[in-house]
Amino acid sequence: LIMMAELAPTTSSGDYIRPPSQFRTSEKALEDIAALPNPKEQRGPTYKLYVGKSCPWCHRALLARALLELDDVVELVDL
């Protein structure tokens, strides 16, 4: 029990308490993101996506690239 108490925050009755997330976006973070240049407005591919077509995670990245219509922005490199 001592080990579990050190790993995760709990109440006195043993219930798990989720710590606050560091990755939640605040309004300031959203404003900062909105101020970034739009990659679709830039000329030519500025990013590269390295994928192995047999990998399910790479397949998901390819789907996201297609659904977000980033074909012109993100250059595809097959491994």
Side-chain angles (χ1 to χ4, degrees):
L1 291 178
I2 294 173
M3 185 174 150
M4 289 303 291
E6 293 174 4
L7 292 177
T10 57
T11 63
S12 58
S13 62
D15 296 331
Y16 173 74
I17 301 172
R18 182 179 299 274
S21 175
Q22 299 174 359
F23 300 104
R24 302 267 189 244
T25 55
S26 64
E27 288 186 28
K28 171 82 170 99
L30 292 176
E31 291 171 3
D32 292 343
I33 292 171
L36 292 173
N38 185 355
K40 287 186 177 184
E41 294 174 359
Q42 297 175 359
R43 294 185 186 163
T46 56
Y47 302 101
K48 292 187 181 201
L49 178 63
Y50 295 90
V51 296
K53 298 220 174 171
S54 62
C55 172
W57 291 105
C58 292
H59 184 254
R60 291 180 181 129
L62 287 171
L63 287 174
R65 178 179 170 256
L67 291 173
L68 294 172
E69 299 176 353
L70 295 173
D71 300 333
D72 297 335
V73 178
V74 180
E75 181 182 351
L76 182 64
V77 179
D78 290 324
L79 299 176

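This chain uses plain numbering: 1 for the first residue, then up along the sequence.
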Lys53 and Asp78 have their tightest heavy-atom pair at CE-OD1, 3.1 Å
Under 4.5 Å between side-chain heavy atoms, hopping through other hydrophobics if needed: is there a path connecting Leu68 to Leu62?
yes
Interatomic spacing from SG in Cys58 to CG in Leu79 - rounded to 0.5 Å:
7.0 Å
Using the rule that Ile, Leu, Val, Met, Phe, Trp and Tyr join whenever any side-chain heavy atoms are under 4.5 Å apart, tell me whether Tyr47 and Leu49 fall into a single cluster.
yes
